[in-house]
Amino acid sequence: MSKEKVICSVCGSKNRFPKLMECEESDALYPGFCPDPEQLEELEINGILQQCEECGYTFPRIDEHTRIERKFVDRKAYRHPFGEAYTGPESAVKCFRTALVYNNVCSEKFAAQWYLYAGLLAGEPYQKRCFKRTLRLLKWKMEQNQRMRRKPDVEMMLAYLNVMRLLGMFRCVKEIGCQMQSQFTGVDRQLLEAIMALAEKGDSSYRLYFDMLTEV
């Protein structure tokens with residue numbers, strides 16, 4: 001596999017990475033916020049993210065100028081987001097670091113996605129912490145869209161309800177889902193009802209959207 005030279009925008013060191021692969025588009029429903037964890041891990045291994053060998057800066061492309069400085073990546077919260085005793089998948093750490101960067105550059109939707117990915121890959125007991133961050137950012141982004149009179153983002157609205165369900169906030173899922181119903185049609189409406197039905201059962205297990213539609 002051919003490699004390319006990439007200069008880290010944080011520390012200026014030279015890295016060589018395999019050229020990023022163009023992955024086939026997922027046929028899942030809204031995979032950005034409801035990915036297949038096994039596929040997510042495979043994509044991570046195939047090099048979706050780059051990590052600087054010198055400073056540890058992690059992002060889809062570390063040569064992109066995000067205005068992240070060395071003091072940011074040297075923080076303990078960045079280097080060891082799950083604590084120094086963490087022994088889980090390194091891919092989860094990479095996802096969390098990527099979320100921190102997106103959050104710092106005010107790209108809240110992407111930050112929410114990568115916090116979700118970190119939680120899915122890290123598993124318990126770290127999952128809840130990651131999902132809470134996802135939920136907080138989704139709520140903030142949706143409120144911002146509403147203030148600016150933007151068209152509702154159905155993907156984010158479904159993710160908001162589903163992450164609440166993953167966190168066991170079943171009553172909130174049912175109440176807020178009922179308020180949102182008029183904004184959904186077709187398959188999106190079916191997904192909304194499936195998420196609410198799982199909440200009604202007290203089911204907080206992770207499921208793909210397709211599975212929800214066929215199992216509930």
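Hydrogens, waters and symmetry mates play no part in the numbers below; they use all other heavy atoms, side chains included.
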statement: Separation between CE (Met169) and CZ (Arg165), nearest 0.5 Å, reads 13.0 Å

query: Do we see a donor-acceptor contact under 3.5 Å between the side chains of Arg136 and Thr134?
result: no

field: Donor on one side chain, acceptor on other, Thr58 and Gln50, under 3.5 Å
entry: no

- request: Answer yes or no: is there an ion pair linking Glu4 with Arg16, defined by an N-O contact shorter than 4.0 Å?
  value: no

query: Taking the six-membered ring for Trp, are the ring centroids of Phe131 and Tyr115 within less than 6.0 Å of each other?
result: no

- request: Assert yes or no for the condition that the ring centre distance of Tyr102 to Phe59 is strictly below 6.0 Å.
  value: yes

- prompt: Any donor and acceptor pair, going by atom type alone, linking the side chain of Ser107 with main-chain N or O of Asn103 inside 3.5 Å?
  reply: no

task: Side-chain contact test, heavy atoms from C-beta onward, threshold under 4.5 Å: evaluate it for Leu158 versus Tyr30 and give yes or no.
output: yes

query: Do the charged groups of Glu143 and Lys139 touch, with an N to O distance under 4.0 Å?
result: yes

message: To the nearest 0.5 Å, what is the distance between CG on Leu40 and CG on Leu121?
response: 4.5 Å

task: Mind telling me whether Phe82 and Tyr126 have parallel, tilted or perpendicular rings, with 30° and 60° as the class edges?
output: tilted

message: Distance check, rounded to the nearest 0.5 Å: Leu49 atom CG versus Cys95 atom SG?
response: 6.0 Å

field: Thr66 and Tyr57, any side-chain heavy atoms less than 4.5 Å apart
entry: yes

field: Test item: Ser9 side-chain N/O and Glu64 main-chain N/O as donor-acceptor pair under 3.5 Å
entry: yes

Give the table of side-chain donor-acceptor pairs shorter than 3.5 Å for residues 149-157, with sequence neighbours excluded, one pair per line with atom names and distance.
from	atom 1	to	atom 2	distance (Å)
Arg150	NH1	Asn145	OD1	3.0
Asp153	OD1	Glu155	N	3.1
Asp153	OD1	Met156	N	3.1
Asp153	OD2	Lys109	NZ	2.9
Glu155	OE1	Lys109	NZ	3.2

message: Quick one, Ser91 and Glu41 - any side-chain contact, counting heavy atoms below 4.5 Å?
response: yes

- request: Check whether Ile7 and Ile62 end up in the same hydrophobic cluster, where Ile, Leu, Val, Met, Phe, Trp and Tyr are linked by side-chain heavy atoms less than 4.5 Å apart.
  value: no

Cationic N near anionic O, under 4.0 Å, Lys201 to Asp203: no

message: Main chain of Tyr78, side chain of Arg97: is a donor-acceptor contact present, judged purely on distance under 3.5 Å?
response: yes

task: Could you go through the side-chain hydrogen bond (donor to acceptor under 3.5 Å, both in side chains) check for Ser13 and Glu53 one step at a time?
output: CA-CA 8 Å; Ser13 65; Glu53 296 177 359; over 6 Å; no

- prompt: Is it the case that one hydrophobic cluster holds both Phe170 and Tyr160, taking links as side-chain heavy atoms less than 4.5 Å apart, direct or via other members?
  reply: no

- prompt: For the atom pair OG (Ser182) and CZ (Arg189), what is the distance rounded to the nearest 0.5 Å?
  reply: 8.0 Å

statement: Heavy atoms of Thr98 and Pro60 approach each other most closely as CG2-CD, 4.0 Å

query: Same cluster for Tyr206 and Leu29 if Ile/Leu/Val/Met/Phe/Trp/Tyr side chains link at under 4.5 Å?
result: yes

message: Within the 4.5 Å heavy-atom criterion, are Phe96 and Arg133 side-chain neighbours or not?
response: yes

Inter-residue atom distance Lys128.NZ - Leu166.CG, 0.5 Å rounding: 12.0 Å

query: Do the non-hydrogen side-chain atoms of Phe72 and Leu100 ever get within less than 4.5 Å of each other?
result: yes

message: Just checking Arg147: does its CZ atom have more than 12 heavy atoms from other residues, nucleotides or ligands closer to it than 6.0 angstrom?
response: yes

message: Distance check, rounded to the nearest 0.5 Å: Met196 atom CE versus Asn162 atom CG?
response: 13.0 Å

message: Enumerate the salt bridge (charged side-chain N to carboxylate O under 4.0 Å, His left out) contacts for residues 73-87, please, sequence neighbours excluded, ordered by first and then second residue.
response: Arg70-Asp74, Asp74-Arg79, Lys76-Glu84

message: If you count heavy atoms of other groups shown closer than 6.0 angstrom to CD of Glu124, is the number above 12?
response: yes

